[in-house]
Amino acid sequence: MDHTLVIVESPTKAKTIRKFLPSNYEVLASMGHVRDLPKGAAEIPAAVKKEKWSRIGVNTTEDFEPLYIVPKDKKKVVKELKDALKGATQLLLATDEDREGESISWHLLQILKPKIPTKRMVFHEITKKAINKALDQTREIDMELVQAQETRRILDRLFGYELSPLLWKKVAPRLSAGRVQSVSVRLLVRRERERRSFKKASYWGIRASLVKDNVTFETKLFSLNGQRISNGADFDEQTGKLKQGNKSLIIGEEKVNDLLNTFSSEDWLVSKIEKKPSTRKPVPPFTTSTLQQEANRKLRLSARETMRCAQGLYERGFITYMRTDSVHLSEQATRAARECVSSMYGKEYLSNSPRKFNSTARNAQEAHEAIRPAGEVFKTPKETNLTGRDLSLYDLIWKRTVASQMAEARLTMINAEISVGDGLFKSSGKSIDFAGFFRAYVEGSDDPSSSLEQQEIILPNLTTGTCLEVTNKESTFHETKPPARYTEAALVKVLEKEGIGRPSTYASIIGTIVDRGYANLSSNTLAPTFTAFAVTALLEEHFPDLVDTTFTAKMESSLDEISSGNLEWLPYLETFYKGKNGLEVKVQKTEGDIDGKAYRQVDFEDLPCVVRIGSNGPWLEGTKIDESGNEIQAKGNLPMDITPGDLDIRQVDQILSGPSDLGTDPKTGEKVFLRFGPYGPYVQLGNNDQDKAKPRRASLPKELRTDDLTLDEALVLLSLPRLLGVHPEGGVVEADRGRFGPYIKWIKNENESENRSLKKEDDVFTVDIKRALEILAMPKMGRGGQEVLKDFGKPKEFKEKIQILNGRYGVYLKCGKTNVSIAKDTELEKFSLDDAIFLLEEKLKDKKGSISKKTKISNKKTTSKKKS
DNA sequence: CAGTGAGCGAGCTTCCGCTTGACTT
């Protein structure tokens with residue numbers, strides 16, 4: 001009997017299309033991609049681990065051959081698909097018809113290796129008609145589209161896995177770089193630089209309230225003797241002065257008061273009235289990006305919260321797919337939306353003909369519809385029985401979809417000019433003649449019905465020459481504001497406009513840059529960190545093309561050419577990676593060139609200090625004048641909530657002006673100071689005094705920061721060394737912290753003492769004499785002092801004995817200078833001499849291999865040998 | 001600009017995009 005297996009991406013899609021297929025069709029989900037490049041060391045197969053390129057997962061010496069593996073969390077899915085295939089007579093691959101979807105189908109083909117007839121099937125609407133049509137029009141996999149995806153994947157891998165290690169070396173470990181994240185971070189950094197260099201400008205204006213026919217309206221001074229009065233837009237943000245060539249007039253406080261006086265004795269005459277009809281069109285239905293932006297603005301949801309909520313609505317059948325870049329509505333959806341309009345608002349609120357929208361974003365792939373209420377008849381928000389956040393989000397989606405099929409709003413814009421002596425005032429009014437789609441939805445506004453009134457600015461009926469009564473007039477003071485930091489919504493908007501990132505990734509991009517310590521999210525605002533400044537400076541200087549906002553757009557157009565057969569993928573990647581200006585060469589050059597310290601440093605032209613990126617957060621380093629009037633170096637941690645744009649001279653002075661006084665020790669009555677020495681920050685009890693003994697000092701452990709250090713913390717540090725008790729063999733035992741961390745000291749007598757480092761599980765402040773004696777009883781760590789788990793002795797063919805030792809990094813095998821780590825779960829009892837010899841020989845081979853590779857590099861231009 | 005007790009196998013971190021649950025808190 002015939003049995004067809006259909007594979008789609010998501011379980012929800014599987015469930016939906018199941019309804020439209022014959023009963024002998026089985027639909028399963030792949031859960032997205034089923035194969036990928038190995039993510040890290042744990043996923044690299046042992047067979048290729050020794051290859052130099054294995055870390056990257058792409059064989060850069062053999063035509064960029066990718067190394068694909070099935071990730072752990074996909075093994076189960078793959079097995080289920082394989083099992084289902086066994087009973088099938090036909091396979092249909094029905095993933096999305098975009099680059100990634102085509103690739104998923106191809107990977108499925110590679111893994112499943114079906115021996116039965118296999119076809120590719122695509123549809124854009126889940127209706128009986130569309131699916132039947134798709135069943136009739138199956139095709140083969142589009143290999144050029146798959147090539148384009150693979151090229152994208154490889155390029156992203158090379159970009160990320162070549163640049164990240166460079167940052168580990170030059171800036172800090174565990175940092176990352178990538179095509180999408182690095183540009184995103186750069187956007188934040190550029191905005192923050194603008195905020196730093198922003199110069200405030202201030203100016204004055206005049207506002208008056210006028211009355212006619214009992215209607216009060218506002219007016220503002222526009223010009224004086226024909227010269228326009230300056231407003232915020234006239235000023236240059238970098239200088240705080242008028243932009244070059246700007247002819248507007250800045251008026252100061254004195255002048256404003258003069259004018260107010262003069263105007264008091266003048267007539268306020270209407271000199272010009274202008275009425276202009278105007279219309280507003282509704283915005284298109286939601287894409288992922290616009291949904292995230294509006295939910296952020298109106299519902300205060302983060303991108304991630306929005307997506308989690310939308311996913312829930314999708315799974316329960318309330319809305320269509322939530323990861324899309326399309327603004328398209330299907331015919332039925334358009335009909336359903338129009339039905340809602342007629343029944344809820346009346347036919348006159350319908351647009352004349354069904355409205356169609358085109359995507360404006362770069363790089364749109366449009367495998368789906370816009371995000372809209374699901375079904376052929378839209379449930380009104382009330383009918384859904386949803387509550388809370390779910391209801392709000394559905395309501396938003398419903399309104400936006402319905403509004404998109406509504407009539408234009410018709411407005412009348414009124415401009416009035418009022419002459420007062422030498423001055424000219426302007427007022428503008430706006431009346432809504434027909435609300436149209438405003439009834440349902442206004443972008444950026446919470447409540448469209450109340451905002452209808454807010455949007456109107458009523459002016460009385462004015463005619464030229466009318467004299468107006470002034471009820472109030474006052475001067476107004478204004479200051480220009482620095483450009484605002486990005487909100488999540490604002491960042492997503494730019495990314496989408498530039499074609500950077502995809503609907504499925506917008507939310508996680510923000511997650512990545514926050515996780516890596518490039519930005520902090522506070523009060524809905526993304527503030528870049530000092531690390532972001534340091535990394536961006538490095539990338540801008542050495543890889544300007546890669547962090548250019550147009551890089552992705554250029555890549556996309558190349559990928560389009562690859563998928564249409566007009567460009568070959570291999571030369572494209574070769575140029576990107578191996579070309580004269582290619583990534584590989586530039587990374588190597590940069591590695592050699594840069595003084596790493598220079599990139600762990602952020603300079604500020606306007607501040608007498610540098611910020612250094614330390615292992616424990618950013619540090620401020622500068623100079624100050626000490627008690628004797630000499631200029632000396634000074635340092636300090638930056639408070640956690642300081643962002644580069646906000647750092648000012650006042651804070652710098654405060655951080656650098658030490659010694660900070662932490663308070664008084666209640667026991668001795670002496671003051672406790674925080675100071676900075678050549679080895680870092682430390683605390684000191686009491687003043688330096690020639691006559692007295694040296695004051696007690698203790699350096700700050702890494703975990704403590706100087707900016708929020710408390711007196712109690714300092715006193716605890718100063719309480720060391722702690723006397724633990726007497727040793728049974730004589731002398732006393734103390735616990736202390738030193739150069740190499742916490743340790744115990746057995747002072748046997750005046751000249752003799754023995755020390756041991758404390759173990760990780762011990763705490764220097766709580767360890768007792770019993771434990772100390774235990775540690776002292778252990779053999780001293782050191783040459784040959786490692787714990788021997790097994791000793792194989794010295795076999796004939798070896799010069800040294802072979803041992804299994806237990807060391808800092810776990811269990812390992814040792815023979816002379818050769819060491820090999822042994823896997824954690826190895827049963828040592830069963831571990832034989834042969835096993836040991838095998839591992840040691842493997843390791844030795846490796847060493848030789850790496851030596852010969854090194855020689856190869858130094859003999860420039862030898863052709864690289866094919867691997868055997 | 002403070003003052004001090006060693007000795008010594010590494011190996012890993014990271015990208016972007018497609019998808020859900022399975023985990024823990």
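Just so it is clear: chains get the letters A, B, ... in the order the sequence lines come, proteins before strands, and each one is counted from 1.
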Mind listing the N/O atom pairs, protein and nucleotides 12-14 of chain B, below 3.5 Å?
unit_1  : atom_1 : unit_2    : atom_2 : d
dT13(B) : OP2    : Ala41(A)  : N      : 3.3
dT13(B) : O2     : Arg174(A) : N      : 3.1
dT14(B) : N3     : Arg55(A)  : NH1    : 3.3

Contact summary for Ser10(A) and Tyr314(A), nearest pair of heavy atoms = OG-OH, 3.4 Å
Any donor-acceptor N or O pair under 3.5 Å, side chains Tyr68(A), Gln110(A) = no
ask   = If the sugar-phosphate is the primed atoms plus P, OP1 and OP2 and the base is the rest, what is the B/S/- string for nucleotides 17-25 of chain B, using protein heavy atoms under 4.0 Å?
value = BBBS-----
task = Calculate the interatomic distance between Leu539(A) atom CG and dC15(B) atom P; express it in whole Å.
result = 13 Å
query = According to the 5.5 Å centroid and 30° plane-angle thresholds, does Phe740(A) stack upon the nucleobase of dA6(B)?
reply = no
remark   = Rounded to whole Å, CG of Leu546(A) lies from P of dC16(B) at a distance of 12 Å
ask   = Between dC1(B) atom P and Asn630(A) atom CG, what is the distance in whole Å?
value = 10 Å
query = Once you round it to whole Å, what is the distance between C1' of dG7(B) and CZ of Arg756(A)?
reply = 13 Å
key: Selection residues 32-44 of chain A - residue pairs positive for side chain to side chain donor-acceptor pair (under 3.5 Å), sequence neighbours left out   = His33(A)-Glu100(A), Arg35(A)-His107(A), Asp36(A)-Arg153(A)
inquiry  = Just the rounded figure in Å: distance from P of dA2(B) to CG of Asp736(A).
reply    = 19 Å
ask   = Please give, in whole Å, the distance from dC15(B) P to Glu43(A) CD?
value = 13 Å
ask   = Tell me: NZ of Lys745(A) to C1' of dA6(B), nearest whole Å?
value = 13 Å
ask   = dG5(B) phosphate, OP1 or OP2: any side-chain N/O from Tyr743(A) under 4.0 angstrom?
value = no
Contacts table for residues 506-514 of chain A: side-chain donor-acceptor under 3.5 angstrom, sequence neighbours left out:
unit_1    : atom_1 : unit_2    : atom_2 : d
Ser508(A) : OG     : Thr505(A) : O      : 3.1
Thr512(A) : OG1    : Ser508(A) : O      : 2.9

message = For dA2(B) and Arg697(A) - does any side-chain N or O of the residue sit under 4.0 Å from the phosphate oxygens OP1/OP2?
response = yes
inquiry  = Under a 3.5 Å distance rule, please check whether Arg756(A) uses its side chain to pair with a backbone N or O of Ile744(A) as donor and acceptor.
reply    = no
ask   = Out of Glu150(A), Glu556(A), Gln149(A), which residue meets the side-chain hydrogen bond (donor to acceptor under 3.5 Å, both in side chains) rule with Arg99(A)?
value = Glu556(A)
ask   = Should Lys745(A) and Glu734(A) count as an ion pair when the cut-off is N to O under 4.0 Å?
value = no
inquiry  = Do Arg157(A) and Tyr161(A) form a cation-pi contact, if we require the NZ or CZ to be under 6.0 Å from the six-membered ring centre and within 45 degrees of the ring's axis?
reply    = yes
message = Using a heavy-atom cut-off of 4.0 Å across all strands, would you classify Ser699(A) as base, sugar-phosphate, or nothing?
response = base
query = What salt bridge (charged side-chain N to carboxylate O under 4.0 Å, His left out) pairs are there with at least one residue in residues 305-317 of chain A, not counting sequence neighbours?
reply = Glu305(A)-Arg389(A), Arg316(A)-Asp390(A)
Electrostatic pair Asp545(A)-Lys586(A), nearest N-O below 4.0 angstrom = no
query = For the pair made of CD in Gln684(A) and P in dT4(B), what is the distance, rounded to whole Å?
reply = 14 Å
task = Please work out if Gly741(A) contacts a base, only the sugar-phosphate, or nothing of the nucleic acid, heavy-atom cut-off 4.0 Å.
result = base
query = So does Lys79(A) have more than 12 non-hydrogen atoms from other groups sitting under 6.0 Å from NZ?
reply = no
Minimum side-chain heavy-atom gap Leu539(A)-Leu163(A) below 4.5 Å = yes
message = Output the pairing pattern of DNA chain B as a dot-bracket string, 5' first, Watson-Crick or G-U wobble with both distances under 3.5 Å, | for cross-strand pairs, [ ] for crossing pairs.
response = .........................
